Amino acid sequence: MGNKVTTAIKPTREEDYPMWYQEVVKASEMAEKSSVRGCMVIRPWGYALWENMVAQLDSMFKATGVKNAYFPLFIPLSYLEREAEHVEGFAKECAVVTHHKLEQGENGRLVPAGELAEPLIVRPTSETIIGESMSRWISSYRDLPLLLNQWANVVRWEMRTRIFLRTSEFLWQEGHTAHATEQEARERTYQMLEVYTKFVEEYLAMPVIRGYKSDSERFPGAVETTCIEAMMQDKKALQAGTSHFLGQNFARGSNIRFQDGDGNEQFAWTTSWGVSTRMIGGMIMIHGDDDGVIMPPRVAPAHVVLLPIFKNDEERSMVMEYVDSLARELGDIPYKNRPGLVVEIDDRDTGGARGWDWIKKGIPVRAEIGPKDIEKGAVFAARRDESPKVRKSISRGDFVGGIVDMLEDIQANLYKKALEFQRANTFEMDDKNKFYDFYTSSGKGIHGGFAMAHWCRSRECESAIKEDLSVTIRCIPFDSREEEGKCICCGTKSPGRVLFAKAY
RNA sequence: CGGGAUGUGGCUCAGUCUGGUAGAGCACAGCGUUCGGGACGCUGGGGUCGGAGGUUCGAAUCCUCUCAUCCCGACCA
């Protein structure tokens, strides 16, 4: 009782962060768990967000010369075997198709029949099957570089799943490129990581740290894996995207060869890079509050919801007329990569619950419009990045004229807030005891944060820390300064600091 | 795949120990009163109690089997 603040989402982040996340996803109607084990249903509000993300990323890829294509869902078992580390990495989580039809069995149940000569796996990633095509398409250095991307679903049979963050089936894009030289392939690897960084920071408003993965965290079969890591509000790290330099490993496995200008035959150098629906989970966890999702305006499924208020039919027709014309006016205002603002009109007569539905969904701007506003030629507006109670009367002209600035201001605020949080919870550490305390000290189940600490580069120290604290090396940051130091674990010489954190 | 728990209207659960043939809150529909407000009242729709078998005059409740989900451990965009 008393003056306790009621929140739309229970439990709150502080009370139980993982449960809060589940509730936010449900309450925002973005997605739900499917009756199919480990899979999710992405609902219209969540899928519209994904479509906006896809549209933006797709145009950014194309601007770098990448072209889209589509490859089979099914991959012959033998293809996977072509790269040794790749097999090891993915074999344990493959869905396998062994039959091609169903027959009536005893007691009328359908049973699989028609066993396949060679089982097919459902793609967990497509390096091998795309490599097979590349090997046929490439014969000369003139065919290079080959820059491909596919938007697809993939399946990884996960033990424990979490909606958006880790599901057995998920949506993503996978870029695959082949190059004549090592240097060009490496540059492409970094270039695409930059694209991801730009997208995630400028559109999802998520500040990230770019870096290299340690050997143990590398993509199976890659020579070098780069990544972007973001800090969630529970101070855990989430990998938001990866870009791999594959060397000639997959080219050897898939026989991707070309003749260079001197007539010599060489293996191509390849890359692959991907981001997935997991980013949605990250966006929710980084910006959401105890009232639900907060959508960054630049990717929001809709920008403004208009909430008409009326008591009778007479008021209704007057208010709706005003609301409709306002919606049309807003719909003609271009915003970022979109031709016009997306406006929702919610005229349900469900009392106050109506406004809260949109708060939970995270729409950037709400505007209540009733007879009093119309009289004043105004709207009663609220921003999702402010308390639900903060609502201001703004003249219609100022609202329409200032809406883009308001959206951009929300976008900037979200990024700023997230960056401040990340910085406030990132520490340089040189003392092993302090490091261990950082990740074990009590306090509502949320510990530590990001620790920038020295590491001797040995696998032993890395796994000792993982064993002791469930803390892993998220990346070796690109921009960490040259600095000699002592390994946080064993005390021997270290060439520089790396980013440690608990991770999703 | 090991350890623990749970399956009852759309959701959260009570009822299970001490068998007697299904309940609450929320959500949903209708009507009314309200309302710049997560409102209130009345009325109503919706469940073969995860599934199969057994014990019994009678099973949500007891027994056996089975399936599924969740939490904890080894893997992961």
Side-chain angles (χ1 to χ4, degrees), chain A residues 5-10 16 18-19 22-23 26-27 32-38 88-94 107 123-126 152-162 164-175 196 200 213 216-220 222 225 227-230 237-244 272-282 291-292 306-312 315 319 348-360 366-376 378-382 388-389 391-393 463 466-467 470 472 503-504:
Chain A
V5 179
T6 51
T7 59
I9 303 298
K10 55 179 188 344
D16 186 340
M19 190 61 87
Q22 306 254 47
E23 291 298 323
K26 223 190 293 177
E32 61 190 21
K33 278 185 288 182
S34 134
S35 52
V36 181
R37 179 199 179 87
E88 207 179 313
F90 287 108
K92 283 167 292 191
E93 49 184 24
C94 284
N107 56 38
R123 62 180 166 222
T125 179
S126 304
N153 58 339
V154 286
V155 169
R156 296 179 187 177
W157 212 261
E158 301 288 352
M159 296 295 175
R160 286 191 59 199
T161 57
R162 284 238 257 169
F164 283 129
L165 299 174
R166 186 178 302 111
T167 46
S168 290
E169 180 192 12
F170 57 91
L171 305 182
W172 77 345
Q173 59 68 218
E174 45 181 324
Y196 290 157
V200 169
K213 282 296 187 191
S216 67
E217 299 272 340
R218 240 190 307 119
F219 176 75
T225 288
C227 63
I228 49 178
E229 298 280 334
L238 180 86
Q239 181 176 304
T242 50
S243 184
H244 316 289
S272 69
W273 26 277
V275 293
S276 72
T277 39
R278 174 180 240 206
M279 283 189 298
I280 297 174
D291 292 322
L306 302 178
L307 303 166
I309 290 160
F310 45 79
K311 292 193 181 116
N312 50 47
E315 281 186 2
V319 170
R348 290 176 300 161
D349 182 20
T350 54
R354 180 178 67 167
W356 282 98
D357 282 349
W358 291 102
I359 291 170
K360 287 184 272 191
R366 309 185 301 285
E368 297 176 4
I369 293 154
K372 290 179 201 166
D373 305 294
I374 295 172
E375 215 173 288
K376 288 189 288 183
V379 302
F380 203 51
K389 290 173 190 161
R391 290 175 293 177
K392 291 175 190 142
S393 187
S463 63
K466 186 176 179 181
E467 179 80 17
S470 319
T472 50
Y504 277 96

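Protein chains get the first letters and strands the later ones, always in sequence-line order, with residue 1 at the start of each. These figures come from a predicted structure and were not determined experimentally.
Nucleotide A29(B) forms a Watson-Crick or G-U wobble pair with U43(B), both donor-acceptor distances falling under 3.5 Å. Look at C76(B): it lacks any Watson-Crick or wobble partner with both distances under 3.5 angstrom. C62(B) and G54(B) make up a base pair, with Watson-Crick or G-U wobble contacts both under 3.5 Å. The partner of U48(B), taking Watson-Crick or G-U wobble pairs whose two distances both stay under 3.5 Å, does not exist in any strand shown. The base-pairing partner of G37(B), taking Watson-Crick or G-U wobble contacts with both distances under 3.5 Å, does not exist among the strands shown. U12(B) is paired with A24(B) under the Watson-Crick or G-U wobble criterion, all donor-acceptor distances under 3.5 Å. Nucleotide U18(B) forms no Watson-Crick or G-U wobble pair with any nucleotide shown, as no partner meets the under 3.5 Å limit on both distances. Base pairing analysis places U6(B) opposite A68(B); the two distances defining the Watson-Crick or G-U wobble pair are each below 3.5 Å.
Not counting sequence neighbours, the partners of Glu368(A) by the side-chain hydrogen bond (donor to acceptor under 3.5 Å, both in side chains) test are Arg391(A). By the side chain to side chain contact (heavy atoms under 4.5 Å, CB included) test, Arg162(A) is found to be paired with Pro18(A), Tyr21(A), Leu165(A), Tyr504(A), residues two or more places apart in sequence or in another chain being considered. Judged as a side-chain hydrogen bond (donor to acceptor under 3.5 Å, both in side chains), and not counting sequence neighbours, Arg278(A) has no contacts. Glu174(A) is linked by a salt bridge (charged side-chain N to carboxylate O under 4.0 Å, His left out) to nothing, counting only residues two or more places apart in sequence or in another chain. Taking Ser470(A) as the reference, nothing meets the side-chain hydrogen bond (donor to acceptor under 3.5 Å, both in side chains) condition, with sequence neighbours excluded. Every salt bridge (charged side-chain N to carboxylate O under 4.0 Å, His left out) that Glu32(A) has, sequence neighbours left out, goes to Arg43(A). The side-chain hydrogen bond (donor to acceptor under 3.5 Å, both in side chains) check on Gln239(A) picks up Lys213(A), with sequence neighbours excluded. Partners of Phe90(A) under the ring-ring contact (aromatic ring centres under 6.0 Å, His included) rule, at least two apart in sequence or in another chain, are His86(A), Phe219(A). Listed by chain and number, the residues in a salt bridge (charged side-chain N to carboxylate O under 4.0 Å, His left out) with Arg160(A) amount to none (sequence neighbours excluded).
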Report all interatomic pairs (protein N or O, nucleotide N or O of nucleotides 74-77 of chain B) with separations under 3.5 Å.
from	atom 1	to	atom 2	distance (Å)
C76(B)	O2'	Glu158(A)	OE2	3.4
C76(B)	O2	Arg166(A)	NE	2.0
C76(B)	O2	Arg166(A)	NH2	3.2
C76(B)	N3	Arg166(A)	NE	3.1
C76(B)	N3	Arg166(A)	NH2	2.9
A77(B)	O3'	Gln239(A)	NE2	2.4
A77(B)	N6	Thr167(A)	N	3.0
A77(B)	N6	Thr167(A)	O	3.0
A77(B)	N3	Ser276(A)	OG	2.9

Tabulated below should be each protein N or O lying under 3.5 Å from an N or O of nucleotides 24-31 of chain B; please produce it.
none

Check nucleotides 8-12 of chain B for protein N or O atoms closer than 3.5 Å to its own N or O atoms and list the pairs.
none

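Side-chain contact annotation: His244(A) with Ser272(A), donor-acceptor N/O pair under 3.5 Å absent.
Taking atom P in both U56(B) and G19(B), one finds a spacing of 16 Å when rounded to whole Å. With P as the reference atom, U6(B) and G15(B) are 12 Å apart, rounded to whole Å. The separation of C17(B) from A59(B), taken at their P atoms, amounts to 14 Å, rounded to a whole angstrom. Rounded to a whole angstrom, the distance from the C1' atom of C1(B) to that of C63(B) is 29 Å. Nucleotides A22(B) and G3(B) place their C1' atoms 35 Å apart, quoted to the nearest Å. Rounded to the nearest Å, the gap between the P atom of A60(B) and that of U48(B) is 12 Å. Taking atom P on both A52(B) and G44(B), the two are 32 Å apart, rounded to the nearest angstrom. On the C1' atoms, U16(B) is 37 Å away from A74(B), given to the nearest whole Å.
Positionally, the nearest nucleotide of RNA chain B for Ile369(A) lies more toward the 5' end than for the other of Ile369(A) and Gln22(A).
Rounded to whole angstrom, the span from the CD atom of Glu315(A) across to the P atom of C35(B) amounts to 12 Å. Between the CD1 atom of Ile309(A) and the C1' atom of A39(B) there is a distance of 14 Å, given to the nearest Å. Spacing between atom CG of Leu307(A) and atom C1' of G38(B) amounts to 13 Å, rounded to whole angstrom units. A straight line from CD1 of Ile374(A) to C1' of G36(B) spans 12 Å, rounded to a whole angstrom. The distance between atom CH2 of Trp356(A) and atom P of A39(B), rounded to the nearest whole Å, is 12 Å. Straight-line distance from the CZ atom of Arg366(A) to the P atom of G38(B): 11 Å, rounded to whole Å.
Only one option out of Asn153(A), Thr161(A), Thr277(A), Ile280(A) pairs with Phe170(A) in a side chain to side chain contact (heavy atoms under 4.5 Å, CB included); it is Thr277(A).
Taking only distance into account, the side chain of Asp357(A) never meets the base of G38(B) through a donor-acceptor pair shorter than 3.5 Å. Under 3.5 Å, the side chain of Arg354(A) and the base of G37(B) form at least one donor-acceptor pair of N or O atoms.
Among the heavy atoms of the strands, none lies under 4.0 Å from Asp349(A). Lys10(A) comes within contact range of no nucleotide atom at all, as no heavy-atom separation falls under 4.0 Å.
Put simply, the side chain of Arg123(A) does not reach to within 4.5 Å of the side chain of Val155(A), judged on heavy atoms. No side-chain heavy atom of Arg366(A) sits under 4.5 Å from any side-chain heavy atom of Phe380(A). Using a 4.5 Å cut-off on side-chain heavy atoms (C-beta onward), Ile359(A) and Pro388(A) make contact.
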